[in-house]
*Asks:* 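Before I ask anything, here is the structure I am working with.
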Amino acid sequence: MVDVIKLLPDHVANQIAAGEVVQRPASVVKELLENAIDAGASVIKLIVKDGGKALIQVVDDGVGMSETDARLSFERHATSKISSAEDLFNLKTKGFRGEALASIAAIAHVDLQTRNATAEVGTQIKIEGSTVVSQEIAVTPKGTSISVKNLFFNIPARRNFLKSNQVELRHITDEFQRVALVHPSVAFRYYNNGSELFNLPSESFRQRIVHVFGSRINERLVPVEEETDIIKISGFISKPEFAKKSRGEQFFFANGRFIKSPYLHHAIVAAFDGLLKTDFHPGYFLNLEVNPASIDINIHPTKTEVKFDDENTLYAILRSTVKHSLGQFSVAPVLDFEHDRNLDTPYAYQNRGVVLPQVTVDNTFNPFAEVKTSNKRETPYTKQNVEGWENLYAGINSKDFSSVEFESEGNAPQIFESKDEGSQKQQITFQLKRKYVVATIKSGMVVIDQTRAHQRVLYEKFLQDITVKEAVSQQLLFPMELNFTKEETRLLLSIRESLSSLGFVLEIHDEQIKVTGIPSTMTESGIGMVLEELLKDFSEGYETEGFSQAELMAKTLCKSLAIRTGQLLEQDSQIALVNDLFGCKEPNLNPFQKMTFITLSSDDIDKKFN
Ligand code: ADP
Ligand code: MG
């Protein structure tokens with residue numbers, strides 16, 4: 001039989017390796033930044049164009065390379081960082097696999113210029129898809145500059161798979177921040193399409209966090225310090241009251257490397273136990289230093305997943321250290337080990353005060369009239385669509401609602417049962433488990449999910465406000481100043497028009513915005529949260545999912561502003577919600593395609609009694 005096994009040519013092997021190492025432009029950024037750090041740079045410049053698709057360039061003032069090293073650096077398994085397997089147990093550098101440059105050169109156009117301290121002139125090498133196009137002597141400063149152009153030029157499938165420039169840029173910024181945070185003594189500059197996104201001087205860890213995330217974060221940070229035989233922990237956690245709904249600001253660095261560890265993350269969550277509302281996530285920036293021999297970084301080519309020797313002990317130390325910091329800075333209640341947790345009030349209710357159940361009987365109530373505006377402050381829900389009631393039939397042809405039996409009574413047909421068939425019609429509704437609103441209808445009853453229903457109502461309202469641009473704005477007595485990062489304010493600028501059609505009046509500066517008017521549907525205290533949610537959703541990119549800006553904005557807002565489960569609704573709020581829901585164009589589903597109500601016919605109920 002003929003032998004069939006062949007060794008793959010280098011350029012093929014490199015392309016395969018590239019598949020693992022380089023997923024997107026951000027992966028190139030990570031590798032190049034780490035090489036610059038390993039080269040001992042004190043100033044690193046990152047320049048990208050079109051989300052890194054057109055250009056990624058990293059310029060450093062590190063040790064540079066000799067002519068031979070420059071050529072060798074593109075060979076696979078060529079590294080100056082380790083020379084034996086034992087070295088793997090004592091890693092002090094970011095790189096060690098010697099495959100990043102070879103992989104990148106296999107799938108892009110690379111231009112390297114480098115000079116070390118002893119050489120008078122440097123070297124320039126150009127490589128396209130693993131082929132060296134030219135190698136020349138070059139006059140260049142000490143250090144290294146690598147530009148990577150036309151990423152995936154020879155793998156169209158990968159190139160087409162890339163997301164919009166905005167989304168790719170977001171990923172690059174994430175990688176940049178991870179590297180910049182853990183090397184605060186190194187100065188960084190980062191440009192996109194010619195404009196400066198970050199300019200970070202050499203500074204302390206705390207200053208670096210503030211420079212990256214904006215000055216508003218400073219007051220939120222609580223220091224964490226601990227040193228034991230097996231681990232040294234240093235860094236900051238964010239005060240519980242500033243916890244976020246997104247998981248953005250969570251950073252573990254192990255021996256100077258950003259890592260992901262769901263297990264250790266859980267240790268932090270456990271330390272915050274009882275201090276966070278449901279769905280809120282703690283923020284943390286923690287440096288963990290362990291003996292390099294006790295950590296395995298080589299379990300994945302991107303090196304963000306790691307394995308610690310004694311994870312259980314690390315978990316326990318981390319948890320108690322964070323708990324201690326929370327206690328010491330009196331951000332946590334005094335620790336009480338005898339305390340019976342079963343007797344605790346669920347956190348979400350702690351700050352709410354006592355709400356007395358109200359029984360209101362109003363015989364003169366007329367459901368056809370608009371809800372009194374005087375109730376606006378006391379009830380969490382007020383009527384949105386004035387014409388809601390008249391539009392009740394809108395939903396009647398749709399699938400879910402077709403089971404509602406509808407009888408015409410003269411010229412004033414009703415779907416909802418009336419207590420009194422005279423001119424004073426009392427609509428019957430009640431709230432179930434502070435989660436559902438139940439209303440009786442001719443054929444039986446509807447059970448409405450209050451959150452989803454309100455999301456639908458708000459969604460349609462916001463969408464209309466944005467497109468028709470007639471939203472009412474309430475002027476703030478005292479303008480509100482909110483701090484954001486440059487990147488965030490840039491994002492806000494890009495959605496400014498939709499924001500103003502909603503009723504926001506904003507002055508957007510470099511790292512601060514001044515709010516002078518807000519939509520009439522929102523309260524002043526919620527604005528910061530709403531803007532943060534918007535930034536989060538928009539930075540994740542709407543273009544790729546095929547949503548328009550208006551749609552995404554309406555979705556985000558309805559999600560953050562809708563009444564929640566657990567919120568008590570008085571009778572008139574319940575009725576207003578029911579009316580508004582059925583006044584919507586698509587009452588059956590919330591904006592996230594979940595059912596808003598179910599119907600239960602009296603036949604269904606009768607059957608249960610058989
Ligand atoms: P690794 O970082 O795993 O060693 P790379 O492919 O990233 O592998 O780099 C190969 C080698 O090229 C490095 O070991 C280093 O000697 C050299 N090198 C890469 N980038 C730089 C740089 N910016 N400055 C100096 N040397 C560099
Ligand atoms: Mg490297």
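Quick note: numbers below take in every heavy atom, side chains included, and nothing from hydrogens, waters or symmetry partners. Both ligands and their constituent atoms are indexed starting at 1 by order of listing.
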*Asks:* Look at R490 together with E487 and state whether they make a salt bridge at an N to O cut-off of under 4.0 Å.
*Replies:* no
*Asks:* Specify the protein heavy atom at minimum distance from atom 2 (O) of ligand 1: its residue, its atom name, and the distance to 0.1 Å.
*Replies:* K81 NZ, 2.7 Å
*Asks:* Heavy-atom pairs closer than 4.0 Å: do any link ligand 1 to the side chain of D60, the backbone, both, or neither?
*Replies:*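 The side chain, only.
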*Asks:* Between H211 and E203, is there a side-chain donor-acceptor contact under 3.5 Å, judged purely by atom types and distance?
*Replies:*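 Judged by distance alone, the side chains do pair up.
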*Asks:* Pick one of side chain, backbone, both or neither for how A78 approaches ligand 1, counting any non-hydrogen atom pair under 4.0 Å.
*Replies:* backbone
*Asks:* Does the shortest distance from the Mg ion (ligand 2) to an N/O/S atom of N35 fall below 2.8 Å?
*Replies:* yes
*Asks:* Are the ring centres of Y315 and Y263 closer than 6.0 Å?
*Replies:*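 Yes: the rings meet the under 6.0 Å criterion.
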*Asks:* Ligand 1 and G98, any nitrogen or oxygen pair closer than 3.5 angstrom?
*Replies:* yes
*Asks:* Under 3.5 Å between any N/O of L101 and any N/O of ligand 1: does that happen in this structure?
*Replies:*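 Yes, since at least one N or O of L101 sits under 3.5 Å from an N or O of ligand 1.
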*Asks:* What protein heavy atom is closest to atom 25 (C) of ligand 1, reported as residue, atom name and distance in Å?
*Replies:* A39 CB, 3.6 Å
*Asks:* Please confirm whether K239 makes a cation-pi placement over F242, using NZ or CZ under 6.0 Å from the six-membered ring centre and within 45° of the ring normal.
*Replies:*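 Judged by the rule (NZ or CZ under 6.0 Å from the ring centre, within 45° of its axis), K239 is not positioned above F242.
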*Asks:* Under 4.0 Å from a heavy atom of T79: give me the atoms of ligand 1 that qualify, with their elements.
*Replies:*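 Selected atoms, number and element: 1 (P), 4 (O), 14 (O).
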*Asks:* Suppose we measure from atom 12 (O) of ligand 1 to each protein heavy atom; which comes out shortest, and what is that distance?
*Replies:*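 Protein heavy atom at minimum distance: S73 CB, 3.3 Å.
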*Asks:* Which ligand 1 atoms does M65 reach within 4.0 Å, using its non-hydrogen atoms?
*Replies:* 17 (C), 18 (N), 21 (C), 25 (C), 26 (N), 27 (C)
*Asks:* Ion pair present between E168 and K53, side-chain N to carboxylate O less than 4.0 angstrom?
*Replies:* no
*Asks:* Could you list which atoms of ligand 1 come closer than 4.0 Å to a heavy atom of T144?
*Replies:* 22 (C), 23 (N), 24 (N), 25 (C)
*Asks:* Which of the numbered atoms in ligand 1 are below 4.0 angstrom from a heavy atom of R97?
*Replies:*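 Heavy-atom distances to R97 below 4.0 Å select 3 (O).
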*Asks:* For A100, take its heavy atoms, then give the atoms of ligand 1 lying under 4.0 Å from any of them.
*Replies:* 6 (O), 7 (O)
*Asks:* Does atom CG of D510 have more than 12 heavy-atom neighbours, drawn from other residues, nucleotides or ligands, at distances under 6.0 Å?
*Replies:*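 Yes, the 6.0 Å shell around CG holds more than 12 heavy atoms from other groups.
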*Asks:* Give a yes/no verdict on a cation-pi contact between R159 and F152, requiring under 6.0 Å between NZ or CZ and the six-membered ring centre and an angle within 45° of the axis.
*Replies:*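 Ring-cation test returns no.
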*Asks:* Please write down residue, atom name and distance for the protein heavy atom closest to atom 15 (C) of ligand 1.
*Replies:* S80 OG, 3.5 Å
*Asks:* May I ask whether G62 has any heavy atom positioned less than 4.0 angstrom from an atom of ligand 1?
*Replies:*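 No, G62 has no heavy atom closer than 4.0 Å to ligand 1.
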*Asks:* Would you confirm whether the ring centroid of H109 sits within less than 6.0 angstrom of the ring centroid of F153?
*Replies:*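 Centroid distance F153-H109: below 6.0 Å, so yes.
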*Asks:* Quick one: does E31 get within less than 4.0 Å of ligand 1, heavy atoms only?
*Replies:* no
*Asks:* Taking NZ, NE, NH1 and NH2 as the nitrogens, is one of them in K486 or E196 under 4.0 Å from a carboxylate oxygen of the other?
*Replies:*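 The answer is yes: the pair qualifies as a salt bridge.
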*Asks:* Out of all atoms in ligand 1, which are within 4.0 Å of some heavy atom of F96? Include the element for each.
*Replies:* 1 (P), 3 (O)
*Asks:* For ligand 1, which atoms have a heavy atom of G95 less than 4.0 angstrom away?
*Replies:*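 This gives 2 (O), 3 (O) as the contact atoms.
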*Asks:* Answer with yes or no after comparing the ring centroid distance for F176 and F198 against a 6.0 Å cut-off, counting only values under it.
*Replies:* yes
*Asks:* Taking atom types as modelled and ignoring hydrogens, do the side chains of Q113 and T123 form a donor-acceptor contact shorter than 3.5 angstrom?
*Replies:*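 T123 and Q113 do not have a side-chain donor-acceptor pair below 3.5 Å.
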